[in-house]
Q: 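Take a look at this one; I'll ask things after.
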Protein chains: 4
Amino acid sequence: MRPARTFASDNNAGAHPAVLRAVERANRGHVVGYGDDPYTERAKRTFRKHFGDAEVFFVFNGTAANCLGLQALTQPHHAVLCSDAAHIYTDECGAPERFLGCKLIPVPNDAGKLTVDAVARRVRGLGDQHHVQPKVLSITQSTEMGTVYTPEEVRALARFAHSKGMKLHMDGARIANAASRLGLTLRQATRDLGVDVLSFGGTKNGLLGGEAVVFFDRAAARDFKFLRKQGMQLASKMRFVAAQLDALLSGGLWKRNAAHANRMAKLLEREATAAGVEIVYPVQANGVFARVPKRLIPKLQARSFFYVWDEDAGIVRWMCSFDTTPSDIRRFVARLK
Amino acid sequence: MRPARTFASDNNAGAHPAVLRAVERANRGHVVGYGDDPYTERAKRTFRKHFGDAEVFFVFNGTAANCLGLQALTQPHHAVLCSDAAHIYTDECGAPERFLGCKLIPVPNDAGKLTVDAVARRVRGLGDQHHVQPKVLSITQSTEMGTVYTPEEVRALARFAHSKGMKLHMDGARIANAASRLGLTLRQATRDLGVDVLSFGGTKNGLLGGEAVVFFDRAAARDFKFLRKQGMQLASKMRFVAAQLDALLSGGLWKRNAAHANRMAKLLEREATAAGVEIVYPVQANGVFARVPKRLIPKLQARSFFYVWDEDAGIVRWMCSFDTTPSDIRRFVARLK
Amino acid sequence: MRPARTFASDNNAGAHPAVLRAVERANRGHVVGYGDDPYTERAKRTFRKHFGDAEVFFVFNGTAANCLGLQALTQPHHAVLCSDAAHIYTDECGAPERFLGCKLIPVPNDAGKLTVDAVARRVRGLGDQHHVQPKVLSITQSTEMGTVYTPEEVRALARFAHSKGMKLHMDGARIANAASRLGLTLRQATRDLGVDVLSFGGTKNGLLGGEAVVFFDRAAARDFKFLRKQGMQLASKMRFVAAQLDALLSGGLWKRNAAHANRMAKLLEREATAAGVEIVYPVQANGVFARVPKRLIPKLQARSFFYVWDEDAGIVRWMCSFDTTPSDIRRFVARLK
Amino acid sequence: MRPARTFASDNNAGAHPAVLRAVERANRGHVVGYGDDPYTERAKRTFRKHFGDAEVFFVFNGTAANCLGLQALTQPHHAVLCSDAAHIYTDECGAPERFLGCKLIPVPNDAGKLTVDAVARRVRGLGDQHHVQPKVLSITQSTEMGTVYTPEEVRALARFAHSKGMKLHMDGARIANAASRLGLTLRQATRDLGVDVLSFGGTKNGLLGGEAVVFFDRAAARDFKFLRKQGMQLASKMRFVAAQLDALLSGGLWKRNAAHANRMAKLLEREATAAGVEIVYPVQANGVFARVPKRLIPKLQARSFFYVWDEDAGIVRWMCSFDTTPSDIRRFVARLK
């Protein structure tokens with residue numbers, strides 16, 4: 001098996017060597033299970049260095065981070081407002097509805113982003129027993145279309161949500177890419193903008209697998225340990241999840257990985273544009289969305305697999321990873337031509 | 001951090017070095033996510049070598065393996081019958097009820113085991129709309145008390161379940177220990193005895209983390225990929241879970257690890273008995289349950305942590321792992337004296 | 001208390017005298033509870049006279065008829081496609097999501113109706129584990145906007161649904177109004193057009209309260225008695241629900257009530273139009289939707305309450321009932337002027 | 001159809017004539033739906049006269065009153081402790097587990113009653129993430145075995161529950177029978193003893209159908225209107241449910257009906273005892289439990305149907321109703337002989 005690097009997804013990459021080394025280092029002797037171990041404690045401290053005084057919980061994957069974080073904020077008669085292209089709305093096989101019991105209300109997006117105006121039009125029926133009650137606004141940063149909300153945009157959405165008694169949830173599967181793009185610390189890119197609960201993504205940024213739910217609204221975390229266990233997301237050998245996330249947040253690995261992936265996306269944008277390919281969304285993180293003649297798509301996929309984003313419009317998605325190289329890009333674009 | 005080995009739980013051990021090496025070997029280049037990769041394919045083939053033609057799905061942990069496997073067999077108006085000491089009944093924070101929507105009907109156990117008679121008394125109200133309908137019998141092998149069902153016992157329970165239109169689910173978090181004890185292959189210890197769906201445990205037998213749901217009743221697996229995704233248990237970098245399970249089942253590692261842990265438990269039983277400690281359940285797998293004067297428990301725990309199994313009765317649980325050594329045992333028993 | 005008749009809703013009307021008499025007649029001696037009584041048996045026979053050989057279950061209200069009927073057709077990883085103005089989508093406080101665990105996928109409507117084209121665009125991701133699987137198409141007849149699907153339209157939607165392995169559910173809270181409008185029997189208006197499961201509405205057509213779930217797809221009804229009980233919708237004194245529905249379907253009461261309400265709506269349309277009011281949807285059943293200057297709405301509501309349908313557009317809804325009189329309408333329109 | 005009166009269940013009786021008259025009186029003109037009507041307002045005031053300042057909600061049946069009341073007190077990781085013979089545990093087809101997502105923990109009962117000791121043994125694992133967290137103690141008054149908790153017993157259970165941070169829920173499907181037996185007002189029999197939420201039964205005491213959820217813990221009622229709607233229990237023509245409950249609580253009908261049924265049960269006990277039948281539980285409300293030679297049961301049932309309570313022990317249940325007559329009893333006992 002000698003698979004090459006593709007542009008299919010940042011989760012098609014493997015793990016960064018430093019992450020593997022951290023797992024090996026954690027593999028010594030016995031420690032208590034389920035998170036009462038020194039590795040998990042250290043990883044939580046590392047998170048607090050970055051995010052300030054927050055409650056931090058580790059889970060296996062992004063769907064769980066989103067669903068459990070949202071569950072902590074909702075009752076079944078509530079509603080979660082999100083982009084109609086949000087991962088939670090389109091790509092989690094209904095896990096949020098199933099697990100929260102809530103309705104997700106889709107809000108039209110603009111290149112992946114929501115605006116206060118678009119959200120406000122969906123906040124309806126407050127206090128009316130026939131209607132689900134809007135309780136959480138969930139945004140994705142960076143977005144599913146590879147764009148990045150500005151700090152002002154996030155702050156405005158947070159302000160709006162809070163003014164309606166709602167909480168702001170951020171699906172940060174790629175928050176590292178966004179923070180890097182914005183030149184902000186992780187705290188500045190989340191908590192300081194008004195985010196209440198963050199799904200912090202690790203898997204797409206170089207881990208074997210592991211995500212964190214970070215509660216800036218600490219009251220919402222009160223029963224979360226039960227929600228996680230009942231939600232089938234409590235690792236018995238927690239140290240191996242924690243050690244990965246600790247490695248990512250220690251020594252700036254999160255930022256180097258994300259910045260590199262972002263740079264590669266800009267390079268891919270430039271090269272593809274030069275090759276005559278139309279790029280359809282601003283390239284602000286590690287994803288590049290391009291319009292490609294439909295008949296060519298299968299041929300290109302056969303050589304180096306990637307996903308079609310919008311079949312009707314002939315838009316495809318190319319993702320860059322921490323391990324994408326300039327020569328990967330040049331080879332890929334050469335085929336495009 | 002230099003934690004020693006304890007007898008608290010087989011999940012307090014780390015990962016076997018061969019498992020870590022398998023993860024490293026899988027960390028090459030890009031592969032498609034979510035299980036469409038060669039590592040996952042190979043791991044499935046390895047499972048089929050052991051179990052015959054079965055449907056195999058990998059998940060993160062044992063609670064998920066149990067809940068999702070049971071979900072594939074039930075509708076919310078069904079009931080799952082299980083031991084009143086079953087992990088699914090007592091230690092999963094209500095995840096089965098929450099996730100299946102089903103009632104779990106507790107059946108009194110005998111040293112962890114169920115009998116046909118005890119189960120039969122709980123099969124009631126068939127066809128009556130006021131009553132949940134018994135649909136699954138779930139047994140744990142080896143049991144929560146460290147005992148092992150004989151093949152005849154499992155076969156009798158399977159026969160009874162099937163005669164009532166029920167399925168037999170096996171929580172095999174420690175099936176390797178049971179098969180090793182019984183001198184059976186994994187297939188002989190499960191499928192050949194009438195098991196319909198198996199939670200195959202890896203984490204407690206030397207993995208970083210990873211379990212499998214194995215469907216001998218293939219019809220029940222039809223929609224399982226959706227159940228797993230919606231159940232928040234689909235790993236994007238599936239190869240790293242698959243590679244671990246593949247390593248466990250290749251070259252007999254599963255058996256060596258389990259047999260060693262079982263041998264250590266017998267040694268611990270002998271040494272503890274010799275030291276005057278009463279052992280309360282037959283030691284047939286890797287767990288030893290002992291009666292200890294209550295006032296001594298905290299002192300012993302302070303030196304080498306373990307769990308109290310029954311506070312009122314002063315019964316404690318000691319688990320052996322793949323990496324337990326005879327000198328660990330001697331040191332531990334020396335303190336007991 | 002001497003409340004007059006309004007145009008707020010057909011459920012603001014009371015019960016038809018014949019229905020009350022039927023309840024009184026059923027109030028004799030003791031009968032077995034939960035539906036094993038002669039009144040319920042007779043009511044089921046009456047349903048079968050109208051609908052042919054179908055499985056019939058009585059429940060308390062329309063939300064339950066919809067949710068339980070849909071539950072009988074779905075698993076939690078499925079999706080229900082429906083109009084974005086469907087009662088199940090907008091007015092049941094998320095009961096379908098909560099109870100089915102499913103996602104409801106909103107389809108843009110045309111004056112309350114769905115088209116095959118609009119539905120087809122939402123049938124996506126078949127077989128893809130990341131996506132909920134479309135399993136039911138739910139339409140409302142007559143629609144929430146007072147329009148009525150033609151037989152051809154329903155048949156085309158049924159054909160499309162079945163061609164995709166989906167079932168056709170009809171929310172028939174006002175199916176009597178639709179059948180009356182179309183000049184069809186109840187069977188011709190439902191089963192013969194390809195409907196698989198029908199929520200048959202009684203409450204809005206002159207009952208104290210009571211609806212039926214009618215399964216033309218009898219296989220889907222197999223476990224429904226358990227779903228109904230677990231769904232908290234099994235009446236112990238079932239005879240009193242059954243007797244009402246029996247009265248409605250016996251002697252043509254359903255049709256007289258519905259036809260009268262429809263005629264009153266046409267009269268209201270004519271009178272309002274004559275008074276210069278713009279009617280915004282075709283009046284095909286018992287509802288009239290009108291555009292009214294926004295500043296006048298509160299004044300009109302104060303005299304005779306009704307609901308605003310679309311606040312931004314200034315559209316209001318006026319419903320006619322089995323007991324609406326021409327003089328009610330004239331008085332109401334007089335105020336409009 | 002001329003069914004006689006039986007002893008099968010108090011819900012096999014019809015409605016009291018005064019209840020029917022109240023429904024007829026409420027059948028005038030149009031009123032706003034869903035509870036914003038004068039009949040519902042009046043019924044709520046009547047409840048407050050009896051119970052003091054409480055939040056009152058009307059629902060269709062007892063299963064719903066129990067499930068929704070319990071839902072208002074719990075999160076899915078909580079547990080409800082109840083008698084292992086409780087209606088919620090054995091006779092609601094798993095509705096509580098399904099609807100709350102919670103585990104119900106069965107507590108052994110003594111003639112239907114729970115004791116503080118028995119409950120205390122089941123309050124375990126507080127704060128432990130692996131265990132569901134006991135949050136509600138639910139008792140049935142009068143019990144499923146026809147016994148009645150003394151005020152002291154209820155008070156002790158309330159005190160215990162509150163001392164553990166738990167709430168006390170009372171399934172009062174037959175609270176009228178208990179209050180009558182105890183010579184207490186409804187308030188004295190519930191709120192004043194420490195009950196937090198009451199399922200107030202109407203159906204078994206002479207209604208067509210209708211129950212109330214009464215919140216003495218008003219904070220718990222905050223979102224209940226949404227829970228009720230989402231729980232498919234919001235009647236559109238609420239006035240007809242409300243008018244029944246109002247009739248029951250006005251003019252002492254609740255007490256006359258209950259006291260009569262209780263008296264009839266005592267008479268049945270005396271007559272049956274005199275006929276040599278063994279009565280197995282104290283007859284304190286309207287139920288009589290008797291041991292009958294198993295071979296005779298089918299013959300007796302054929303003449304006048306009743307339910308077998310415990311098949312193995314040959315125990316049967318006879319319930320008296322508001323309309324049971326002394327001659328019904330004599331005829332029944334004559335056959336026993």
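Naming convention: chains lettered A, B, ... in sequence-line order (proteins, then strands); numbering from 1 in each chain.
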Q: Counting only heavy atoms not in A:Asp310, do more than 12 sit closer than 6.0 Å to its CG atom?
A: yes

Q: In Å, rounded to the nearest 0.5 Å, how long is the span from CZ of C:Arg98 to CZ of A:Arg98?
A: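 With rounding to 0.5 Å, CZ (C:Arg98) is 11.0 Å from CZ (A:Arg98).
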
Q: State the NE2-NE2 distance between C:His87 and A:His130, to the nearest 0.5 angstrom.
A: 7.5 Å

Q: Is it the case that over 12 heavy atoms from other parts of the model lie below 6.0 angstrom from the CZ atom of C:Arg124?
A: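 Atom CZ in C:Arg124 is not crowded, with 12 or fewer foreign heavy atoms closer than 6.0 Å.
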
Q: Tell me, out of C:Pro76, C:Ala95, C:Cys93, who's got the most heavy-atom pairs with chain A below 4.5 Å.
A: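 Most heavy-atom pairs under 4.5 Å with chain A: C:Cys93.
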
Q: Please check this pair: side chain of A:Lys103 against backbone of C:Tyr89, looking for a donor-acceptor N/O pair closer than 3.5 Å.
A: yes

Q: C:Glu311 versus chain A, heavy atoms under 4.5 Å apart: side chain, backbone, both or neither?
A: neither

Q: Sort out for me which of C:Val132, C:Asp128, C:Asp312 touches chain A most, counting heavy-atom pairs under 4.5 Å.
A: C:Val132

Q: Restricting to non-hydrogen atoms, name the atom on A:Asp91 and the atom on C:His131 that form the minimum distance, rounded to 0.1 Å.
A: OD1-NE2, 3.6 Å

